[in-house]
Amino acid sequence: MLEKLFLDDYKLTARVLQEKNILNIGFGSISLKTGNDTMLINKKNSCILEENFYISVNIANKTLAYKEANEDAPLHAKIYKNISFAKTALNLYMPNTIAYSIIHEKFQPIDTYGKKYFKNITIIEDLMTETNIKKLLAILEKEEIQFKSKKRDYNKQRYKRSFNKKFLL
């Protein structure tokens, strides 16, 4: 039941990103960790609007499924291997962000929400190089992205708060 809920959210998120022209055939990737050694990731040449636009791949071992998976699958697998609490990963290409990143190395939000939760956003070029993958993992391991939860005593529900320090593009 819970797995179906996550799958439905995964599909909905991918479709919304596709409608916004941020994720589509040939650019961008979205994955969901579904087990200790498995993840779903969009297929290499599939439109998000297709019923089965995703494929399940093994995180620990590069299997034949990787041939159908998006080319970012090895990067997503490394994130899940090295950061145990990661449940989803996105590699998105927003036109304005790409234009900004050409001449800048960091992004500092000017809005109140952005200043409070994101401070400085590190821009890393070409994640497919081993050096930059290591740089990404080092940033994530330094807890530059943090999740916090807060208990409400009267109903004992937990509420997740937004990122505390940095967000990675």
Side-chain angles (χ1 to χ4, degrees), residues 1-60 65-101 107 109 111 113-114 116-119 121-124 126-128 132-133 136-137 139-140 143-150 157-169:
M1 178 72 173
L2 189 60
E3 194 172 299
K4 185 187 178 336
L5 178 67
F6 287 133
L7 180 59
D8 289 345
D9 283 349
Y10 171 77
K11 289 178 181 179
L12 177 64
T13 302
R15 290 194 172 117
V16 168
L17 291 170
Q18 189 272 334
E19 287 171 9
K20 303 283 184 191
N21 203 29
I22 296 172
L23 178 68
N24 215 325
I25 299 173
F27 63 92
S29 55
I30 182 171
S31 67
L32 172 71
K33 188 175 181 182
T34 55
N36 288 335
D37 291 332
T38 58
M39 69 176 176
L40 298 177
I41 190 163
N42 53 312
K43 291 180 185 175
K44 190 180 294 181
N45 294 314
S46 279
C47 176
I48 302 298
L49 298 176
E50 293 175 15
E51 182 58 33
N52 290 318
F53 68 89
Y54 56 89
I55 188 166
S56 180
V57 298
N58 190 297
I59 293 169
Y66 274 78
K67 288 187 178 198
E68 281 187 69
N70 185 289
E71 65 183 18
D72 294 336
L75 171 64
H76 290 244
K78 282 188 180 196
I79 290 170
Y80 295 131
K81 279 188 233 177
N82 289 282
I83 303 163
S84 61
F85 62 85
K87 301 297 181 220
T88 189
L90 296 112
N91 187 13
L92 304 174
Y93 299 93
M94 297 164 281
N96 292 339
T97 306
I98 292 169
Y100 184 89
S101 71
F107 172 73
D111 64 298
Y113 181 84
K116 181 177 179 181
Y117 293 105
F118 299 115
K119 309 281 191 263
I121 300 170
T122 303
I123 298 170
I124 299 176
D126 190 11
L127 283 175
M128 296 317 288
N132 286 339
I133 290 172
L136 168 67
L137 293 172
I139 289 170
L140 294 174
E143 298 179 318
E144 293 194 31
I145 296 178
Q146 294 184 354
F147 295 94
K148 292 187 175 184
S149 56
K150 184 177 184 177
Q157 289 182 335
R158 291 185 179 194
Y159 294 89
K160 284 197 173 182
R161 300 182 74 188
S162 295
F163 297 111
N164 189 23
K165 290 186 180 176
K166 294 185 182 180
F167 181 78
L168 211 59
L169 296 178

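Heads up: numbering here begins at 1 and tracks the sequence. Computed over heavy atoms, backbone and side chain alike; hydrogens, waters and symmetry mates excluded.
- In terms of heavy-atom proximity, Ile79 sits nearest to Ala86 at CG2-CB, 4.1 Å.
- Here the shortest heavy-atom pairing between Ala14 and Phe53 reads CB-CZ, 3.7 Å.
- Under the salt bridge (Lys or Arg N to Asp or Glu O under 4.0 Å) criterion, no residue pair touches residues 13-25, with sequence neighbours excluded.
- We find the CG-CD distance between Leu49 and Gln18 to be 4.0 Å, quoted to the nearest 0.5 Å.
- Below 30°, between 30° and 60°, or above 60°: for Tyr10 and Tyr54 the angle between ring planes is above 60°, a perpendicular geometry.
- The shortest heavy-atom contact between Ala65 and Val57 is CB-CG1, 3.6 Å.
- Considering CD1 of Ile41 and OG1 of Thr88, their distance stands at 9.5 Å, rounded to 0.5 Å.
- Taking each heavy atom of Gly28 and Asp72 in turn, the nearest pair found is C-OD2, 4.4 Å.
- Within a 6.0 Å sphere centred on NZ of Lys67, other residues, nucleotides and ligands contribute 12 heavy atoms or fewer.
- For the atom pair CG (Asn58) and CE (Met39), the distance works out to 9.0 Å, reported to the nearest 0.5 Å.
- By the 6.0 Å contact criterion, CG on Asn36 is open, its count of non-hydrogen atoms from other residues, nucleotides or ligands being 12 or less.
- The two atoms that bring Tyr66 and Ala77 nearest to each other are OH-CB, 3.5 Å, heavy atoms only.
- Of all non-hydrogen atoms in Lys81 and Ile59, the two that sit nearest each other are CE-O, 3.0 Å.
- The line from CG of Asn42 to CG of Asn52 is 13.0 Å long, rounded to the nearest 0.5 Å.
- Between Leu17 and Leu90, some side-chain heavy-atom pair lies under the 4.5 Å cut-off.
- For the pair Asn70 (side chain) and Ile30 (backbone), a donor-acceptor distance under 3.5 Å is absent.
- Not counting sequence neighbours, the partners of Lys78 by the salt bridge (Lys or Arg N to Asp or Glu O under 4.0 Å) test are Glu130.
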- Query: side-chain contact (heavy atoms from CB on, under 4.5 Å) between Asp8 and Leu12: does it pass, once the steps are laid out?
  - Reply: CA-CA 6 Å; Asp8 289 345; Leu12 177 64; over 6 Å; no
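- The distance from atom CD1 of Ile22 to atom CG of Leu92, rounded to the nearest 0.5 Å, is 6.5 Å.
- Remark: Glu71 CD to His76 NE2 distance equals 10.0 Å, nearest 0.5 Å.
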